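Taking it in order: structure first as structure tokens, then the write-up.
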Amino acid sequence: MVPTTDKYNPHELEPKWQKYWDEIGLLEAKEGPGGTKKAYILVMFPYPSGDLHMGHLKNYTMGDALARFRTQQGYHVLHPFGWDAFGLPAENAALKFGVSPADWTFGNIQQSKESLGLMGIRYDWSREVTTCTPEYYRWNQWIFLKMYERGLVYRKKSLVNWDPVEQSVLANEQVIDGRGWRSGALVEKRELEQWYLKITDYAERLLTDLEKLPRWPEKVKAMQRAWIGKSQGAEFDFQVKGHEAKIRVFSTRPDTIFGATFMVLAPEHELVAQITTPQQKEAVEAYVSAAKMKSEVERQREDREKTGVFTGAYALNPANGKEIPVWIADYVLSGYGTGAIMAVPGQDERDWEFAEKFGLEIIRTVQPPEGWQGKAYTEDGPAINSDFLDGLYMEEAKKKVIAWMEEKGIGEGKVNYRLRDWLISRQRYWGTPIPMIHCERCGIVPVPYEQLPVELPTLRDVDDIRPKGKSPLAAHPEFYECECPKCGGKARRDTDTMDTFFDSSWYFLRYTDAQNPNQPFDPAKANFWMPVDQYIGGIEHAILHLLYSRFFTKFLHDLGLVEAEEPFEGLFTQGMVMGWTNVGQVELREGRIHFLDDARRSKLELPQGLTVEEAEKGGAELRQEGGQTYFWKPAVMSKSLGNGVMVGPFVKEQGADIARVTILFAAPPENEMVWTEEGVQGSWRFLNRVFRRVSEDRAELERVSEGLEPAALSGADRALYQKLHRTLKKVGEDIENLRFNTAVAALMELLNALYDYRKERAVSPVYRTAIRYYLQMLAPFAPHLAEELWHWLDQGRSVFQARWPEVDTAALVADSFELVVQVSGKVRGKATVPAEASEEEVKRIAREIENVKAWLEGKQVVKEIYVPGKLLNIVVKG
RNA sequence: GCCGGGGUGGCGGAAUGGUAGACGCUACGGACUUAAAAUCCGUUGGGGGAAACCUCGUGUGGGUUCGAGUCCCAUCCCCGGCACCA
């Protein structure tokens with residue numbers, strides 16, 4: 001055996017090939033003529049947070065592997081990267097460290113870029129997008145103005161979500177369980193005049209087009225459907241007795257109108273003050289102001305018991321002319337439907353509860369099934385107590401009653417959505433200025449296109465940036481003082497900035513033509529690349545970013561700028577990376593674990609007093625160190641826990657390819673993975689074994705040529721050739737489906753086969769072919785090592801420039817197979833059988849197996865099932 | 001409560017209705033070494049057996065089928081999302 005003189009040394013290999021890829025322009029994206037095979041591989045762009053850890057890199061590694069694979073297949077590949085660079089983290093850092101948001105941001109970008117480079121993750125940096133640059137955000141302003149032209153931007157005064165920590169308003173999507181999505185602070189209600197985007201105009205398209213996305217996770221689509229919340233019903237009026245006013249309600253069950261025994265208005269409903277009787281005035285006003293004080297969270301408490309107050313007013317049920325009392329209650333929401341309901345306790349659980357508590361009348365209008373013990377009956381059944389609807393089932397009754405309403409002019413069929421318009425004003429500094437001007441004479445005037453961009457002034461003083469409850473820009477006359485474009489008089493710029501989700505709603509389009517100074521992007525270029533073939537990112541954007549981006553794409557499509565109506569053809573939500581985390585020192589008291597330090601314990605929501613058993617069930621370990629006991633547990637890698645494996649040090653000590661394989665092999669990519677020392681060891685062993693295999697054979701590999709006649713192969717050569725092509729097929733399919741873990745497993749298997757082969761055989765043409773293909777298949781995962789070894793075999797060009805080999809389908813058909821012989825469905829023997837063996841022969845061979853013979857002894861064969869190439873099942877009785 | 005996804009060795013996880021546990025990790029045994037590391041070889045779901053082999057086994061209970069981790073019905077549990085939206 002040739003002595004191993006070379007050693008696998010990632011530190012030497014990796015920088016060398018990284019430089020080489022940059023020199024040959026490996027991932028420079030080039031448009032081609034129509035019909036060119038293209039692959040737009042996109043990872044969600046991040047906030048530039050500086051140093052990166054393995055948790056940040058998982059999706060980038062996946063994207064890089066896929067992009068490299070598509071390159072090998074000869075696709076035109078677009079694999080870009082950029083920075084979601086506006087937003088609060090930059091401002092917070094500025095406040096904390098006294099650096100300007102811009103300096104902080106660009107410093108972080110530089111650091112992050114280095115980490116990406118170290119991992120061998122390659123992007124077309126000529127298309128880099130940084131949202132906080134005027135070259136980018138001027139097109140935010142441009143799109144905003146286009147939306148304004150089309151009536152999709154409006155200003156409205158209403159109760160909005162105010163995040164007291166961020167000192168800014170938030171959109172509905174950004175309030176989760178009554179708290180700001182980023183700050184976690186309880187959101188307050190404030191009445192403010194703000195800018196909105198009319199996403200609701202697109203509600204129906206956003207809903208129905210989900211069906212065009214088979215390569216999206218069902219989970220994400222379900223979440224979007226629920227968020228859009230379409231419901232069909234009717235909207236109709238109830239006359240208030242003794243008033244001009246009518247109360248309009250929305251109901252999905254207009255068929256139950258004969259059971260409407262009272263009405264409920266949201267406390268904020270505009271008619272409340274008008275219809276409340278003097279006797280009830282005091283109680284109603286008290287209730288309304290109490291409701292205003294209540295936070296969203298209080299209103300949504302688990303044990304929410306129904307509360308409400310009678311207004312003293314009555315309305316007339318249009319179906320039967322009955323007088324019914326009008327109440328107010330906070331279980332009716334002002335923002336949905338009309339903010340008022342007809343209450344039908346017989347068919348609605350919430351109304352039943354309310355009626356029961358306040359002693360209101362209950363009439364059933366749907367016949368519950370016999371023996372019905374429950375309260376409200378919400379299922380289908382024949383209508384009762386409903387005059388002309390009696391006997392009809394729900395669907396029929398709805399149709400009939402809606403037709404009746406329309407005929408009488410009371411109301412009509414109506415579709416309602418839960419989706420609300422998108423509030424995009426933010427009272428913060430580090431964002432895109434809203435390109436609007438307020439003029440005392442002309443009102444609101446858009447900034448003319450030729451004056452774009454409205455540049456964000458550079459503020460360096462921390463006090464200028466600090467949030468004060470209104471936009472910091474409002475303190476800078478040099479920014480807001482301007483001329484009215486219409487009348488030329490003195491006017492004032494809008495001083496709010498845009499929600500940063502505006503920035504990220506179309507960045508993927510900018511990548512297709514990132515440096516265009518004249519328009520957001522050239523439609524021809526966008527049409528070549530769009531839609532994104534594979535988008536990879538975190539599930540946390542299931543609604544927010546992914547819904548907004550779909551909206552923007554549809555809008556830009558409507559403007560005629562892009563053909564695609566959906567931005568992301570395939571979506572993949574990757575699982576998180578966890579790291580073993582020292583939660584802190586603990587003491588055991590009576591078998592229970594008590595933490596001596598609370599900081600990390602509370603962050604991880606671990607209770608005090610766990611039993612050891614419970615802790616272990618939760619994946620934790622107690623470790624002894626210097627006589628002390630520490631509580632360790634895998635937790636999502638994060639800066640604040642300090643449990644992230646940092647890219648720089650890791651690559652320096654171990655190597656980028658090892659990190660990449662560790663990430664991709666540890667678990668299916670959609671699952672969370674725990675980064676472990678053992679996993680890293682396994683990757684090292686694997687890559688080292690690859691290196692050794694090629695290294696030991698290097699001299700022979702250089703001598704042997706590959707002239708190969710597949711049909712003439714026999715024995716071990718033939719077996720290796722077939723294994724090679726089966727692996728080639730599997731690895732290709734697995735990468736396409738992002739099943740990297742099984743692709744790597746297949747490569748490990750093939751490597752084992754190569755070792756087995758070399759135990760008995762010399763380097764041969766088949767073997768050399770196998771090694772060459774092997775390196776091509778390894779390249780997406782461990783590109784540096786693959787490139788190095790590839791150059792040993794083929795000096796000419798990069799492994800990524802060589803075409804991905806074709807699968808020889810003839811080689812997928814084995815020439816013999818292992819026949820599984822079952823007797824009555826249980827495996828009793830196996831035999832190697834030539835592929836071309838006839839059924840007769842197979843049956844004969846099966847019966848010669850000793851163990852099968854024994855099981856057939858004295859039994860009567862009832863039936864035989866033969867699955868060619870696989871299995872024979874002999875069914876016996878007796 | 002509703003919606004989505006799961007439940008397979010000590011662990012991560014493989015399995016177009018056809019050999020359950022690929023591949024890897026861990027652990028154990030052995031080789032090499034002065035020694036250790038690394039590396040290599042072997043074993044590693046439970047039970048029985050000297051072995052051949054038998055038997056049990058994919059949350060639980062039923063069913064369909066020659067054959068079920070995979071399909072159907074019921075049920076329990078876990079994770080994620082939504083939750084007074086009329």
Side-chain angles (χ1 to χ4, degrees), chain A residues 4 176-177 217-227 229-231 233 249-254 256 260 264 266 299-302 304-306 329-344 347-351 353-354 378 416-420 539 542-543 573 619 661-662 665-668 670-674 676-686 688-689 692 730 739 741-752 755 818-830 850-851 854-855 862-867 869-876:
Chain A
T4 312
I176 294 158
D177 293 335
E218 202 46 55
K219 186 184 3 180
V220 174
K221 287 191 278 187
M223 283 166 73
Q224 292 212 355
R225 273 187 207 108
W227 187 259
K230 180 179 183 174
S231 56
V249 302
F250 172 74
S251 173
T252 53
R253 294 294 304 277
T256 62
V264 185
R299 271 174 85 151
Q300 290 177 6
R301 266 199 339 264
E302 277 304 319
R304 61 217 155 191
E305 201 177 315
K306 296 269 179 299
D330 65 5
Y331 81 92
V332 173
L333 309 174
S334 64
Y336 181 77
T338 60
I341 61 160
M342 66 167 184
V344 188
Q347 274 71 235
D348 185 286
E349 282 158 7
R350 297 153 301 187
D351 296 345
E353 200 192 316
F354 194 84
T378 57
N416 233 320
Y417 299 90
R418 282 163 75 167
L419 181 70
R420 317 281 167 84
I539 184 72
I543 293 172
T573 54
V661 168
T662 304
F665 179 66
E670 67 273 24
N671 289 11
E672 62 187 27
M673 66 159 287
V674 183
T676 62
E677 200 43 55
E678 289 79 12
V680 172
Q681 269 299 319
S683 305
W684 158 256
R685 247 174 252 163
F686 166 55
N688 212 25
R689 249 161 80 80
R692 253 194 8 255
K730 177 160 180 63
R739 289 197 304 248
N741 58 323
T742 50
V744 174
L747 285 174
M748 288 172 169
E749 252 186 84
L750 180 56
L751 184 62
N752 292 340
Y755 268 85
E818 195 181 30
L819 174 73
V820 174
V821 184
Q822 299 184 329
V823 177
S824 294
K826 299 220 175 203
V827 179
R828 297 302 181 193
K830 292 164 195 176
E850 285 306 320
N851 197 40
W855 281 95
V862 180
K863 186 176 183 181
E864 285 175 277
I865 290 116
Y866 178 52
V867 184
K870 267 195 185 137
L871 157 147
L872 178 72
N873 185 6
I874 305 169
V875 185
V876 296

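The structure presented is a predicted model; accordingly, all values stated were derived computationally and were not measured. Numbers restart at 1 for each chain; the letters A, B, ... are given by sequence-line order, proteins then strands.
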Within the structure provided, determine whether A:Ile341 and A:Tyr336 are in side-chain contact (heavy-atom separation under 4.5 Å).
no
Nearest whole Å is fine: how far is B:C84 P from A:Phe354 CZ?
16 Å
If you only use heavy atoms from C-beta on, which nucleotide in B:U19, B:C54, B:G24 is closest to the side chain of A:Asn752?
B:G24
Reckon A:Gln822 touches a base, only the sugar-phosphate, or nothing at all at heavy-atom distances under 4.0 Å?
base
What pairs of nitrogen or oxygen atoms, one from the protein and one from nucleotides 8-14 of chain B, lie under 3.5 Å apart?
unit_1 : atom_1 : unit_2   : atom_2 : d
B:G12  : O2'    : A:Ala666 : O      : 2.4
B:G13  : OP1    : A:Asn671 : ND2    : 2.8

A side-chain contact here means heavy atoms from C-beta on lying under 4.5 Å apart; do A:Thr256 and A:Met342 qualify?
yes
If we take the C1' atom in both B:U65 and B:C11, what is their distance in whole Å?
35 Å
Which listed nucleotide (B:C54, B:U19, B:A86) is nearest to the side chain of A:Asn851?
B:C54
Main-chain N/O of A:Ala542 paired with A:Gln224 side-chain donor or acceptor, under 3.5 Å
yes
Would you mind reading off the distance between A:Asp330 atom CG and B:C84 atom C1', rounded to a whole angstrom?
9 Å
Of the listed nucleotides (B:U19, B:A86, B:A22), which one gets closest to any side-chain atom of A:Glu749?
B:A22
Using atom P in both nucleotides, what's the gap between B:G1 and B:A20 to the nearest angstrom?
38 Å
Find the distance A:Glu678:CD to B:U26:P and express it as a whole number of Å.
6 Å
According to the Watson-Crick and G-U wobble definitions, with both distances under 3.5 Å, which nucleotide is paired to B:A50?
none
Report which part of the nucleic acid A:Val820 touches: base, sugar-phosphate, or nothing (heavy-atom distance under 4.0 Å, all strands).
base
Any sub-3.5 Å donor-acceptor pair from A:Tyr755's side-chain atoms to A:Arg689's backbone N or O?
yes
Name the residue closer to the 5' end of RNA chain B, choosing between A:Ile865 and A:Ser251 according to the nucleotide with the nearest heavy atom.
A:Ile865
Which heavy atom of A:Asn741 sits nearest to which heavy atom of A:Phe665, and what is that distance?
O-CD1, 3.5 Å
Test log, rule side chain to side chain contact (heavy atoms under 4.5 Å, CB included), inputs A:Phe686 and A:Leu747:
CA-CA 10 Å; A:Phe686 166 55; A:Leu747 285 174; 4.2 Å; yes
Distance below 4.0 Å between A:Lys826 side-chain N/O and B:C56 OP1 or OP2:
yes
Close N/O contacts between protein and nucleotides 39-42 of chain B (under 3.5 Å):
unit_1 : atom_1 : unit_2   : atom_2 : d
B:C40  : OP1    : A:Arg689 : NH1    : 3.4
B:C40  : OP1    : A:Arg692 : NH2    : 3.2

Roughly, in whole Å, what's the span from OH in A:Tyr866 to C1' in B:U19?
16 Å
Would A:Gln347 and A:Thr378 satisfy side chain to side chain contact (heavy atoms under 4.5 Å, CB included), going step by step from the backbone distance to the final call?
CA-CA 5 Å; A:Gln347 274 71 235; A:Thr378 57; 5.5 Å; no
Sorted by chain and number, sequence neighbours left out, ring pair (Phe, Tyr, Trp, His ring centres under 6.0 Å) with A:Trp684 holds for A:Tyr8
Under 3.5 Å donor-acceptor, A:Asp351 side chain and A:Val344 backbone
yes
Please check the phosphate of B:C54 (OP1 and OP2 only) for any side-chain N or O of A:Trp855 closer than 4.0 Å.
yes
Pick the C1' atom in B:G9 and in B:U75, then give their distance to the nearest Å.
25 Å
Watson-Crick or G-U wobble partner for B:G45, using a 3.5 Å limit on both distances?
B:C56
Every protein N/O lying under 3.5 Å from an N/O of nucleotides 1-7 of chain B:
none

Sugar-phosphate only, base, or nothing, as touched by A:Ser231 at under 4.0 Å among non-hydrogen atoms:
sugar-phosphate
Surrounding NZ of A:Lys230 (heavy atoms of other residues, nucleotides or ligands, distance under 6.0 Å), is the total greater than 12?
yes
Same-atom distance (C1') from B:C2 to B:A22, integer angstrom
39 Å
What contact category does A:Asn416 fall into here, base, sugar-phosphate, or nothing, at under 4.0 angstrom with non-hydrogen atoms?
nothing
Complementary nucleotide of B:C2, counting Watson-Crick and G-U pairs under 3.5 Å:
B:G81
Using a heavy-atom cut-off of under 4.0 Å over every strand shown, decide if A:Glu864 touches base, sugar-phosphate, or nothing.
nothing
Using a cut-off of strictly less than 4.0 Å, decide whether A:Asn873 has a side-chain nitrogen or oxygen near OP1 or OP2 of B:U65.
no
Figure out the CD1/P separation between A:Ile539 and B:C79, and round it to whole Å.
17 Å
Contacts of A:Glu749 that satisfy salt bridge (Lys or Arg N to Asp or Glu O under 4.0 Å) - sequence neighbours left out:
A:Lys723
Quick one: which of B:C82, B:C66, B:C84 gets closest to the side chain of A:Lys306?
B:C84
Please work out if A:Lys221 contacts a base, only the sugar-phosphate, or nothing of the nucleic acid, heavy-atom cut-off 4.0 Å.
nothing
Would you measure the distance from the P atom in B:G49 across to the matching atom in B:U34 and give it in whole Å?
43 Å
What distance, rounded to whole Å, do you find between the two P atoms, one in B:G7 and one in B:U16?
14 Å
Once salt bridge (Lys or Arg N to Asp or Glu O under 4.0 Å) is applied, do any residues pair with A:Lys830, and if so which ones, sequence neighbours excluded?
none
How far, in whole Å, is B:C82 from B:G12 if one measures between their C1' atoms?
31 Å
Pick base, sugar-phosphate or nothing for A:Val867, based on heavy-atom distances below 4.0 Å to the nucleic acid.
base
Can you tell me if the side-chain N/O atoms of A:Tyr331 get under 4.0 Å from OP1 or OP2 in B:A86?
no
Tell me the partner of B:G17, counting only Watson-Crick (N1-N3 plus N6-O4 or O6-N4) or G-U wobble (N1-O2 and O6-N3) with both under 3.5 Å; none if nothing fits.
none
Could A:Lys306 and A:Phe354 be counted as a cation-pi pair, given that NZ or CZ must be under 6.0 Å from the ring centre and within 45° of the axis?
no
Does any non-hydrogen side-chain atom of A:Ser231 lie less than 4.5 Å from one of A:Phe250?
yes
So does A:Glu670 have more than 12 non-hydrogen atoms from other groups sitting under 6.0 Å from CD?
yes
Atom CZ of A:Arg225 and atom C1' of B:G81 are separated, to the nearest Å, by 14 Å
List the atom of A:Asn873, the atom of A:Gly825, and the distance in Å for their closest heavy-atom pair.
OD1-N, 2.9 Å
Nearest-angstrom distance, P atom, B:U70 to B:G18:
11 Å
Between P on B:C23 and CE on A:Met748, what's the gap in Å once rounded to a whole number?
11 Å
A:Lys230 NZ to B:A86 C1', straight-line distance once rounded to whole Å:
18 Å
Taking syn as a glycosidic torsion within 90° of 0 and anything else as anti, which one is B:G9?
syn
Look through every strand shown and name the nucleotide pairing with B:C25 as Watson-Crick or G-U wobble, where both distances are under 3.5 Å.
B:G10
